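All residue numbers refer to positions in the sequence shown, counting from 1. Just follow the structure's listing: the first ligand is 1, and inside any ligand the first atom is 1. Side-chain atoms are counted along with the backbone in the values below, which use heavy atoms only and exclude waters and symmetry mates. Every value quoted in this text rests on a predicted model; they were computed, and no experiment measured them.
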Amino acid sequence: MVQVDLHLHTTRSDGRLSPTELIGLLADRDLRVVAITDHDSTEGLAEALEAADKCSQLDIIPGIELSTDIPGNEIHILGYFIDYSDIGFQKILGEFRDGRVERAREMVGKLAVLGVPVDWDRVLELADGGSVGRPHIAQSMVEKGYIRYPQEAFAKYIGRNGPAYAERSKLTPAEAIGLITGIGGLPVLAHPREVDNVESMLPDLKAAGLIGMEVYYGTYPSSHVEALEAIASREGLIPCGGSDYHALGTPDEAQPGFVGPPLEIAQTLYAMAGKQSELIM
Ligand code: AMP
Ligand code: ZN
Ligand code: FE
Ligand code: FE
């Protein structure tokens, strides 16, 4: 078991557990340091911090996951120790979330044309006021009986090159990194294996302010982890990671407590951010 998980989602974006439920699970699994990293939202943090206060063994790093576009693909940037009280930052997140609603509506329109209609109201209901994402559309397709698991929706319809995909905000990785460093956060590249030729992009991302990349991630096999460890070491990036748990309930979903960086990495991040953890120092 591991003690650190730096990539977790709640109902404030496309996770299925509320912040309180997620913190309960993390405490049960004896995690010590976790980052809540919802897509384009920090709205779960207050509730998560309150829940964690009741279990004195758990430290929470305030985080975010921002989606950015590159030609033909997307790159996700995590931000740790962000000053999420920043009003300008919250305004930008609000705009990103509004853009998500428009884009989801576009995808739902395309699905109807393709003969697999889902109810827009149901998609919004599944998002429950949080950041709307493709997993909510996928879930509504599962409910309709079109597919068995959400992954199939991505494979057949709403994946990057799928017939019902719609583009969202045109944020560049460097812009996302700037947003995070602008509020005192530490920007980290998420799931690097999902991006072709990611190594060639690292110099530019580092120049923009990237300080780490995910290495101990999700269901990455040890061969991938070892290769990523070597890249991170060579590039001087802090090897981070986590489960990217959404509580989807799919058979192959990575679970908190089973994947994440060693405790020393969390200590390094706390030191870099100039923050104190009472639990791990
Ligand atoms: P969005 O934020 O709307 O672009 O949706 C991206 C989210 O969908 C990711 O954060 C994952 O949670 C989920 N996702 C992406 N690809 C897949 C896939 N192939 N199967 C299942 N979920 C996926
Ligand atoms: Zn997600
Ligand atoms: Fe991601
Ligand atoms: Fe994620």
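- Under 2.8 Å from the Fe ion (ligand 3) lies an N/O/S atom of H191, whether from backbone or side chain.
- The closest approach between any non-hydrogen atom of H9 and ligand 1 is not below 4.0 Å.
- Side-chain contact between Q57 and D30: absent, with no pair of heavy atoms (C-beta onward) separated by less than 4.5 Å.
- Panel note: side chain Q90, backbone Y84; a donor-acceptor pair is recorded below 3.5 Å.
- For CZ of R160, the number of neighbouring non-hydrogen atoms (other residues, nucleotides, ligands) closer than 6.0 Å is greater than 12.
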Test side-chain contact (heavy atoms from CB on, under 4.5 Å) applied to Y80 and M272, step by step:
CA-CA 11 Å; Y80 298 132; M272 273 191 88; over 6 Å; no

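- At least one N or O atom of R134 sits closer than 3.5 Å to an N or O atom of ligand 1.
- Counting atoms of ligand 1 from 1 in the listed order, those under 4.0 Å from a heavy atom of R100 are 1 (P), 2 (O), 3 (O).
- Residues L78 and P187 fail the side-chain proximity criterion, which asks for heavy atoms closer than 4.5 Å.
- Taking the six-membered ring for Trp and thresholds of 30 and 60 degrees, H9 and H246 have nearly parallel ring planes, at less than 30 degrees apart.
- When distances to the Fe ion (ligand 4) are checked against a cut-off of 2.8 Å, H246 contributes no N, O or S atom below that limit.
- If you number the atoms of ligand 1 from 1 as listed, the ones under 4.0 Å from a heavy atom of G133 come out as 3 (O).
- For ligand 1, none of its N or O atoms has an N or O atom of E65 under 3.5 Å away.
- For the pair A166 and E106, the tightest heavy-atom approach, listed with the atom from each and the gap, is CB-OE2, 3.6 Å.
- Proximity to H39 (heavy-atom distance under 4.0 Å) selects the following atoms of ligand 1: 10 (O).
- Side-chain contact of D14 with H39: a donor-acceptor pair under 3.5 Å is present, judged by distance alone.
- Proximity to P135 (heavy-atom distance under 4.0 Å) selects the following atoms of ligand 1: 5 (O), 7 (C), 8 (O), 12 (O), 13 (C).
- The CG atom of L228 sits 11.0 Å away from atom CG of L237, with the distance rounded to the nearest 0.5 Å.
- Looking at D244 and the Fe ion (ligand 4) together, the shortest N, O or S contact belongs to OD1.
- Within ligand 1, the atoms closer than 4.0 Å to a non-hydrogen atom of R103 are 1 (P), 3 (O), 4 (O), numbered from 1 in the order shown.
- Checked against a 3.5 angstrom limit, the closest N/O atoms of E74 and ligand 1 fall outside it.
- Checking H9 against the Fe ion (ligand 4), an N/O/S atom falls under the 2.8 Å cut-off.
- Judged by distance alone, the side chains of E74 and H76 do bring a donor and an acceptor atom under 3.5 Å apart.
- When the Fe ion (ligand 3) is compared with the N/O/S atoms of E65, atom OE2 turns out nearest.
- Per-residue contacts place H246 under 4.0 angstrom from the following atoms of ligand 1 (heavy atoms of the residue considered): 12 (O).
- Without hydrogens or angle criteria, D119 side chain to D121 main chain gives no donor-acceptor distance under 3.5 Å.
- D14 OD2, 3.7 Å is the protein heavy atom nearest to atom 7 (C) of ligand 1.
- Ligand-side atoms of ligand 1 in range of Q151: 20 (N), 21 (C), range being under 4.0 angstrom from any heavy atom.
- Atom ND1 is the N, O or S atom of H76 at the shortest distance from the Fe ion (ligand 3).
- The side-chain heavy atoms of L6 and V34, taken from C-beta on, include no pair separated by under 4.5 Å.
- For atom 18 (C) of ligand 1, the closest heavy atom belonging to the protein is F154 CG, 3.4 Å.
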